[in-house]
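One is the number of the first residue; the rest follow in order along the sequence.
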Amino acid sequence: MRVLVTGGAGFIGSHVIDALRAHGHEPVVYDVREDPTADVRDPAAVTRALAGVDAVCHQAAMVGLGNGVADAADYISHNDLGTAVLLTAMADAGVRRLVLAGSMVVYGEGRYACPRHGVVRPGPRVVADLSAGRFEPPCPRCGAALSPGLVGEDAPVDPRNVYATTKLAQEHLAGAWARVTGCRAVSLRYHNVYGPRMPRDTPYAGVASFFRSALARGEAPRVFEDGRQLRDFVHVRDVAAANVAALENGGPTGVLTVYNTGSGEPRTVGEMARALAAATGGPEPVVTGEYRLGDVRHITADSARLRAELGWKPQVRLEDGMREFAEE
C-alpha cells in the first residue's frame with residue numbers, strides 16, 4: 001500500500017515510516033518540518049498529497065498539556081480543523097483506510113475500585129489535598145482509599161484539558177467520516193510513548209525526555225508527587241508496529257474502532273526514572289512532592305483487544321528500552 005503519514009518526520013511518525021517500509025509498504029511523508037507547505041489545514045496541499053494514496057496514518061498533531069486555555073485555538077486549529085480538512089480530502093479522493101494517533105488522555109483519570117462501592121470515577125483532585133501530599137483520589141461516595149486498575153476502551157471518557165478534548169474530537173470526526181463513507185477507521189490510543197528521536201526540552205516532550213535531559217546535565221531527575229503515580233510506558237517501535245497492524249487489518253467498515261496501545265505493564269513514574277538513571281549511571285531521582293493540577297494520578301491501559309484482534313504484541317521491555325533511550 002501507498003500510505004500517507006502526516007507528521008511523518010516527527011518522533012512517532014518517523015518510526016511509523018520505518019515500520020511501513022520494513023513491511024513492504026510505500027510510505028509518503030507529509031510534515032511541515034520537511035516541507036513548510038505540508039500543512040494538514042491546507043485543503044489544496046492535502047489533496048495533492050493524497051494522489052495515488054491507499055491509506056493514511058494521521059500522526060500530525062499539536063501535543064502536550066498546553067497553557068490552560070490560552071492556546072486552545074491553536075490546539076483546535078492544528079488537531080481538529082486539520083483532521084477535518086484531511087478527512088474531507090480523503091473522502092473526495094476515495095482513500096478508504098485511516099489509522100489515527102489517538103491518546104489515553106481522553107479517559108482522564110484511570111479505573112478505580114472502592115472496596116464498598118465497586119468501580120467509581122473520582123473527580124479532579126483539589127489543591128488542598130495535593131498541597132498536603134494527599135495524592136491518591138478518594139472514593140467520591142465514601143472517601144475510602146481506592147485501588148487503581150486497567151482502563152478498557154469502553155470506559156467513559158473524561159478529557160480534562162484542551163489537548164485531551166481535541167484528541168477526543170479527532171476520534172469523533174474520524175467516526176463520522178467512517179459512517180458517512182463506509183470506510184475503515186482505527187484510533188490507537190497511545191499511552192506514554194518513549195524511545196529514540198523523542199523531542200528534547202520542549203513543552204511537548206514527555207517526562208522521560210525531561211528526565212534524560214536532567215541526567216545528561218549531571219542532575220538528578222525531579223519526580224513530582226511521591227513518584228508512585230502509575231503509567232504505561234510503551235516503546236515507540238511497538239507503537240509503530242501497532243500502526244502497521246491496524247493498517248493491514250481488514251476490520252469493520254463504517255465505524256471507528258478504538259484500541260488502547262500500551263505495554264500492558266504498569267510502572268510508576270519513580271520506577272521509570274530509576275531505570276533511566278541506572279541506564280545512564282547518573283544520580284538517583286529526587287522525589288519532590290511538587291504537582292501539576294492538571295495531571296491525573298493513575299492511568300494504565302488494558303491492551304488486550306489490540307493483542308487479540310490484530311495479533312500485536314509489544315516487544316521492548318522498559319529496562320531495555322531505557323538503556324537504548326539513554327544512549328541516544
Side-chain angles (χ1 to χ4, degrees), residues 5-20 31 57-66 79 99-107 110 150-151 153 161 163-164 166-167 170-171 186-213 229-247 258-269 271-273 275-276 279 295-296 298-303 306-307 310 312-326 328:
V5 182
T6 68
F11 166 44
I12 297 174
S14 65
H15 286 275
V16 172
I17 293 287
D18 292 346
L20 287 168
D31 196 308
C57 284
H58 185 29
Q59 308 294 316
M62 185 174 175
V63 300
L65 280 179
N79 297 355
V99 178
L100 172 69
S103 176
M104 55 80 181
V105 296
V106 300
Y107 295 118
L150 299 179
V151 178
E153 289 89 348
N161 55 58
Y163 169 64
T166 65
K167 296 306 290 183
Q170 283 185 307
E171 290 191 348
V186 170
S187 177
L188 300 175
R189 287 179 177 168
Y190 301 158
H191 280 248
N192 293 75
V193 186
Y194 74 97
R197 308 173 202 160
M198 194 173 191
R200 293 176 181 265
D201 301 322
T202 77
Y204 313 114
V207 65
S209 181
F210 286 119
F211 289 169
R212 179 180 62 179
S213 294
Q229 53 272 50
L230 286 165
R231 298 291 186 269
D232 187 316
F233 299 99
V234 58
H235 196 275
V236 66
R237 285 198 298 274
D238 287 330
V239 167
N243 274 268
V244 176
L247 183 71
V258 173
Y259 294 106
N260 285 332
T261 308
S263 70
E265 296 182 359
R267 300 290 190 99
T268 68
V269 173
E271 283 181 289
M272 185 272 287
L276 189 54
D295 283 348
V296 298
H298 304 298
I299 177 67
T300 54
D302 182 353
S303 299
L306 181 58
R307 294 170 184 248
L310 301 189
W312 172 86
K313 183 179 180 182
Q315 302 295 321
V316 184
R317 295 177 59 252
L318 180 68
E319 289 75 14
D320 297 333
M322 284 296 162
R323 279 194 293 271
E324 176 192 22
F325 183 55
E328 184 190 21

Fill in: Closest approach of W312 to G262 (non-hydrogen atoms, all atoms of both residues)
CH2-O, 3.3 Å

Practice prompt. First locate atom CE of M272, then atom CZ of F233, and finally report the distance between them rounded to the nearest 0.5 Å.
Written response: 4.0 Å

Item to complete: Let me see the working for F325 and L276 under side-chain contact (heavy atoms from CB on, under 4.5 Å), right down to the final yes or no.
Response: CA-CA 8 Å; F325 183 55; L276 189 54; 3.9 Å; yes

Worksheet item: With no hydrogens and no angle check, is any side-chain donor or acceptor of S303 less than 3.5 Å from a backbone partner on L306?
Response: no

Discussion item. For R200 and R212: C-alpha separation, side-chain torsions, deciding distance, then whether side-chain contact (heavy atoms from CB on, under 4.5 Å) applies.
Written reply: CA-CA 9 Å; R200 293 176 181 265; R212 179 180 62 179; 3.5 Å; yes

Worksheet item: Taking atom CE of M322 and atom NE2 of H235, what is their separation to the nearest 0.5 Å?
Response: 8.5 Å

Practice prompt. For side-chain contact (heavy atoms from CB on, under 4.5 Å), just list the numbers for V106 and R189, CA-CA rounded to whole Å, side-chain angles, deciding distance to a tenth of an Å, and then say yes or no.
Written response: CA-CA 9 Å; V106 300; R189 287 179 177 168; 3.6 Å; yes

Worksheet entry | Selection residues 231-240 - residue pairs positive for salt bridge (Lys or Arg N to Asp or Glu O under 4.0 Å), sequence neighbours left out | R237-E324

Practice prompt. Working to the nearest 0.5 Å, report the span between CG of L100 and NZ of K167.
Written response: 5.5 Å

Fill in: Smallest separation among heavy atoms of V151 and N260, with atom names
O-ND2, 2.9 Å

Practice prompt. Please step through side-chain contact (heavy atoms from CB on, under 4.5 Å) for the pair N243 and L247, ending with a clear verdict.
Written response: CA-CA 6 Å; N243 274 268; L247 183 71; over 6 Å; no

Discussion item. Any donor-acceptor pair under 3.5 Å linking the side-chain atoms of Q229 with those of D295?
Written reply: no

Fill in: Atom of P266, atom of T300 and distance for their closest heavy-atom approach
CB-CG2, 3.6 Å

Worksheet entry | pair M104-N192: side-chain heavy atoms closer than 4.5 Å | yes

Practice prompt. Rounded to the nearest 0.5 Å, what's the gap from CD1 on I12 to CD1 on I17? Could you check?
Written response: 13.0 Å

Worksheet entry | Exercise: identify the closest heavy-atom pair between R307 and S263 | NH2-O, 3.1 Å

Discussion item. Between T166 and Y163 (side chain of the first, backbone of the second, donor and acceptor by atom type, cut-off under 3.5 Å), is there such a pair?
Written reply: yes

Worksheet item: Shortest non-hydrogen contact from V234 to T261?
Response: CG1-O, 3.8 Å

Response to the item:
Tightest non-hydrogen contact, residues G102 and E171, listed as CA-OE2, 4.5 Å

Fill in: Parallel, tilted or perpendicular, as decided by the 30° and 60° cut-offs, for the rings of H191 and Y107
tilted

Worksheet entry | Residues that Y259 engages under side-chain hydrogen bond (donor to acceptor under 3.5 Å, both in side chains), provided they are two or more places apart | E309

Worksheet item: Backbone N or O of P196 within a donor-acceptor pair of the H15 side chain at under 3.5 Å?
Response: yes

Worksheet entry | Donor-acceptor contact below 3.5 Å, side chain T6 vs main chain Q59 | yes

Fill in: Any residue meeting side chain to side chain contact (heavy atoms under 4.5 Å, CB included) with A246, in chain and number order, not counting sequence neighbours
V99, V186, L188, L310

